[in-house]
Amino acid sequence: MSLTRPLVILLLLALLGFLALQRCAGERPQQLSRSRILMGTVVEISVHGADPGRLEAAVTDAFAEMARIERLMRPAGEGSDVARLTASAQGTEVAPETAAVIALGLQVGAESGGAFDMGLGRLKELWGIETESPRVPAPAEIRQALAGTGQGDLRLDSRRVEKAQPALAVDLGAIAKGYAVDRAVELLRRAGIESATVNAGGNIRLIGDHDGRPWRIAIQHPRDAAGQLALLELADVSVSTSGDYERFFEQDGVRYHHIFDPRTGYPAGRCRSVTVVTPSAALADALSTAAFVLGPEEGLALLRRFPATEGLIVAADGTPHVTPGLEARLTWR
Ligand code: AMP
Ligand code: MG
């Protein structure tokens, strides 16, 4: 009798220990990273959680959603709202997702005094910066391409987009990647993911944190391809960088890159790079492009007009400008 009780206790303890071990093994966080080429860039999704099967399924669904957004918003191709809009003389009805992106783009366009412009499709084609054969167009060609541009000629009424200028070619290249990242994050969240990063070519959104610590996001040095300019410690937020080093060609010692100043039709010359931190990836994407065109002073003023929005702007001469709220989360490299 006197021996049975300790034995029972011992067995109970062993059982508890076994159960605890099982639980730990089941809940040990796993990491799963997958990448795909979408929207002309590398998209990487990295998720953390206990159940590998569930992680894999969530990532597959998130990529499928991003591919769906790409189809809607790419400049040409079957099923693209943007292609239909550009081809139409007066405008057309678009999917709710496209309407949401255009609504946000119109807002950033208005807030930036026209520096952000989704109507630069013809100018983009003329320069061909992202093609095999980019070239510096003649001034007359630029004037002609600009004559058909300007998102001031776009009106949005619910899901109908009206074009006041038939030649207007729509280009969502400065905002659609961010939006696709937001959609991916929405699906990951719905699948119960509480810790993840989604990165579409410098348009990053973070879900939660990394094992109780902030994520460390490296900002590329705009003049040293292998170097880092700064490290940002962030959680549950988006961070987008626009830079003149991303897509460019050089001619006679001049760098011609892919972000245009709508006022001149030439690549914007006031910045080397702009990083924007704000909750939504679509807004971070649009604001980083807009602030790049505006330059450090007006760019920082633009960021101040949006709540919970911070930024790091590297001016054309290399001087960094940081919003006060970001300084505490930034380490220079
Ligand atoms: P990002 O890399 O997000 O800064 O976006 C650059 C892309 O946006 C370019 O490749 C063009 O497709 C488009 N773009 C260029 N200049 C502008 C502008 N001023 N406003 C809006 N979109 C632009
Ligand atoms: Mg952008």
Between atom CG of Leu326 and atom OG1 of Thr309, what is the distance when rounded to the nearest 0.5 Å? 11.0 Å
Applying side chain to side chain contact (heavy atoms under 4.5 Å, CB included) to Tyr245 and Arg272, what does each step give before you reach the verdict? CA-CA 8 Å; Tyr245 55 86; Arg272 288 182 181 178; 6.0 Å; no
Take the angle between the ring planes of Tyr266 and Trp127 and call it parallel below 30°, perpendicular above 60°, tilted in between. perpendicular
Without hydrogens or angle criteria, can the side chains of Thr323 and Glu310 be said to hold a donor-acceptor pair below 3.5 Å? yes
Could you tell me whether Trp215 and His48 have their ring centroids closer than 6.0 angstrom? yes
When you compare the side chains of Thr241 and Ser273, does any donor N or O come within less than 3.5 Å of an acceptor on the partner? no
Strictly by salt bridge (Lys or Arg N to Asp or Glu O under 4.0 Å), give each pair with a member in residues 221-237 just once, sequence neighbours left out. Arg189-Asp236, Arg216-Glu233, Arg223-Asp244
Closest contact, heavy atoms only, Ala291 versus Gly299: CB-CA, 3.9 Å
Could you note down all residue pairs passing side-chain hydrogen bond (donor to acceptor under 3.5 Å, both in side chains) where residues 134-143 supplies at least one of them, sequence neighbours left out? Arg135-Glu141
Please check if any side-chain donor atom of Thr92 sits under 3.5 Å from a side-chain acceptor atom of Arg84, or the reverse. yes
Where do Val82 and Met73 come nearest, in terms of heavy atoms and distance? CG2-O, 3.5 Å
Here the gap from Ile175 atom CD1 to Leu104 atom CG, rounded to the nearest 0.5 Å, amounts to 4.0 Å
Minimum heavy-atom separation for Asp81 and Val94, please, with both atom names. OD2-CB, 3.4 Å
Can you name the nearest heavy-atom pair linking Pro29 to Asp211, along with the distance? CG-OD1, 4.5 Å
